[in-house]
Amino acid sequence: MTLQLGDVQTTALIPVAIKANETLKKNARIKDDVAVEIIRHLEMDTKPFDKFLSHEGVVARTVMLDRMVKDFVAKNPDAVIANLGAGFDNRFARVDNGRISWFDVDLSDSIAARKKVFDDRDRVTMIAGSVLEDEWCALVKAEVQKKNAPVLFLAEGLFMYFSMEEIRAFLSILKANFPHGTLIAEQNNPMMVKNQKYHDTVKNTKAVFKSGTWSGQEIADLCDGINFVEEHSFNEEMKKHSIRGWLFAKILPKMNDRWARFEW
């Protein structure tokens with residue numbers, strides 16, 4: 001299997017490498033057999049993409065987001081969920097209740113690569129397109145209207161590659177196409193933008209961080225009607241599993257990424 005990915009899209013291989021290596025551990029905190037198969041077929045050296053802080057961060061964000069999505073599904077069993085910038089994410093397999101509708105949205109090269117990995121699945125639709133344009137919304141909107149169900153948008157590993165103006169445009173697209181919704185988005189901070197050349201794994205790609213925030217309120221302020229609800233640092237999970245993770249959370253409490261939830 002060969003993959004042709006753009007600079008930012010290549011960063012999708014970081015969580016794949018980490019999830020594969022974590023899955024193969026005796027006491028794995030997450031299981032992703034698809035990630036294991038991707039790495040095996042690519043015969044890829046995972047070392048550049050699997051360093052301690054990135055490994056613990058990806059595991060933490062995966063555990064935390066899985067938990068949040070499962071909570072949403074428990075309250076809304078017929079929910080429609082749009083996974084934006086999906087990469088090779090396999091979250092549907094971990095959270096499916098047999099009733100949700102799921103959309104994986106990403107740029108055309110990423111979806112082409114994704115189709116080499118994932119077979120067609122009931123209630124899962126892959127959409128090729130930019131989330132900064134609204135063409136992808138039609139299928140999701142139709143499903144929301146058909147089911148008369150709430151919609152949840154996931155933005156994992158996405159906003160840091162957008163400028164604040166691009167995030168504003170994205171939020172405006174959501175508001176214009178969906179009267180109500182929930183967004184769970186990963187946030188990084190401005191220090192990571194300034195010091196990205198030191199990032200332990202992203203520095204091994206050509207991707208560039210474009211923005212960062214100290215609070216999700218900065219994102220909500222970009223678009224009228226978007227309400228910032230809460231956010232949780234990856235440190236909350238990372239500090240549970242190692243001394244190094246605990247020290248990082250203690251010494252640099254604001255340096256880690258966070259999950260922020262928004263509603264409108």
Side-chain angles (χ1 to χ4, degrees), residues 12 15 30 32 60-106 110-111 114 118 121-127 129-160 162 167 169-187 216-217 219-220 222-223 225-232 234 236-237 257-264:
I30 54 175
D32 192 332
R61 83 177 187 181
T62 302
V63 168
M64 294 172 74
L65 186 55
D66 281 0
R67 185 187 304 135
M68 288 186 281
V69 175
K70 287 177 180 178
D71 287 346
F72 189 89
V73 169
K75 296 173 183 175
N76 307 282
D78 293 304
V80 176
I81 301 175
N83 188 21
L84 309 176
F88 297 104
D89 182 63
N90 193 29
R91 179 159 286 106
F92 173 79
R94 297 192 298 273
V95 305
D96 181 36
N97 66 346
R99 293 167 59 178
I100 60 174
S101 298
W102 190 277
F103 294 86
D104 287 306
V105 184
D106 212 327
S110 291
I111 292 298
R114 187 176 178 86
F118 291 95
R121 296 181 283 186
D122 289 341
R123 294 174 289 105
V124 178
T125 303
M126 288 184 266
I127 302 176
S130 169
V131 300
L132 297 177
E133 301 170 356
D134 64 2
E135 284 82 0
W136 64 271
C137 296
L139 287 175
V140 180
K141 184 160 49 174
E143 187 71 4
V144 171
Q145 292 170 345
K146 182 179 78 172
K147 297 180 76 173
N148 191 26
V151 59
L152 170 65
F153 301 93
L154 308 178
E156 181 177 22
L158 186 65
F159 277 13
M160 62 281 295
F162 287 173
I167 296 173
F170 165 73
L171 295 176
S172 296
I173 287 170
L174 291 187
K175 281 291 291 350
N177 285 276
F178 302 93
H180 305 284
T182 299
L183 166 67
I184 301 176
E186 181 179 355
Q187 308 284 288
Q217 187 60 51
I219 299 297
L222 294 173
C223 183
I226 299 289
N227 300 308
F228 170 51
V229 179
E230 62 178 349
E231 63 185 352
H232 296 277
F234 296 177
E236 293 179 19
E237 185 68 26
D257 285 11
R258 301 104 59 203
W259 281 120
R261 182 162 64 94
F262 307 87
E263 295 178 349
W264 62 96

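Here, residue 1 is the first one in the sequence, and each next residue gets the next number.
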Is there a donor-acceptor pair closer than 3.5 Å between any side-chain N or O of [X] and the backbone N or O of [Y]?
| X | Y | value |
| --- | --- | --- |
| Glu186 | Gly157 | yes |
| Asp78 | Ala149 | no |
| Gln187 | Ala260 | no |
| Lys175 | Cys223 | no |
| Arg261 | Glu230 | no |

### Query
Can Arg114 and Asp104 be counted as an ion pair, charged N to O under 4.0 angstrom?
yes

### Message
So that I can tick it off, tell me whether Arg121 and Asp96 are bridged by a salt bridge, with the cut-off set at under 4.0 angstrom between side-chain N and carboxylate O.
### Response
no

Which atom pair, heavy atoms only, marks the closest approach of [X] to [Y]?
| X | Y | answer |
| --- | --- | --- |
| Ala86 | Asp106 | N-OD2, 3.2 Å |
| Lys147 | Ala79 | NZ-O, 3.9 Å |
| Glu143 | Ser101 | OE2-OG, 2.6 Å |
| Asn76 | Pro150 | OD1-CG, 3.3 Å |
| Ile127 | Ile111 | O-CG1, 3.5 Å |
| Ser130 | Trp136 | O-CD1, 3.3 Å |

Hey, could you give me the [atom1]/[atom2] distance between [X] and [Y], rounded to the nearest 0.5 Å?
| X | Y | atom1 | atom2 | result |
| --- | --- | --- | --- | --- |
| Asn83 | Met126 | CG | CE | 12.0 Å |
| Glu231 | Gln217 | CD | CD | 9.5 Å |
| Met68 | Leu152 | CE | CG | 9.5 Å |
| Glu237 | Met64 | CD | CE | 7.0 Å |

### Message
Is it the case that atom CG in Asn227 sees more than 12 heavy atoms from other parts of the structure closer than 6.0 Å?
### Response
yes

Would you check if [X] and [Y] make a side-chain contact, meaning some heavy-atom pair closer than 4.5 Å?
| X | Y | answer |
| --- | --- | --- |
| Phe118 | Val124 | no |
| Phe153 | Phe178 | yes |
| Met160 | Asp257 | yes |
| Leu171 | Phe262 | no |
| Leu183 | Ile226 | no |
| Ile81 | Phe92 | no |
| Asp32 | Arg94 | yes |
| Arg91 | Thr62 | yes |

### Query
Taking it one step at a time, do Phe72 and Ile184 satisfy side chain to side chain contact (heavy atoms under 4.5 Å, CB included)?
CA-CA 11 Å; Phe72 189 89; Ile184 301 176; over 6 Å; no

### Message
Show, in sequence, the C-alpha distance, side-chain angles and deciding distance for Ile219 and Phe228, and conclude whether the side chain to side chain contact (heavy atoms under 4.5 Å, CB included) test is met.
### Response
CA-CA 8 Å; Ile219 299 297; Phe228 170 51; over 6 Å; no

### Task
Just do the side chain to side chain contact (heavy atoms under 4.5 Å, CB included) check on Ile30 and Val63 with the steps written out, would you?
CA-CA 7 Å; Ile30 54 175; Val63 168; 3.7 Å; yes

### Query
When the ring planes of Trp259 and Phe234 are compared, do they come out parallel, tilted or perpendicular, using 30° and 60° as the limits?
tilted

### Query
Where do Phe170 and Phe159 land on the ring pair (Phe, Tyr, Trp, His ring centres under 6.0 Å) test, with the steps shown first?
CA-CA 10 Å; Phe170 165 73; Phe159 277 13; 5.7 Å; yes

### Task
Evaluate the criterion side chain to side chain contact (heavy atoms under 4.5 Å, CB included) for residue pair Thr182 and Val229; output intermediate values, then yes/no.
CA-CA 10 Å; Thr182 299; Val229 179; over 6 Å; no

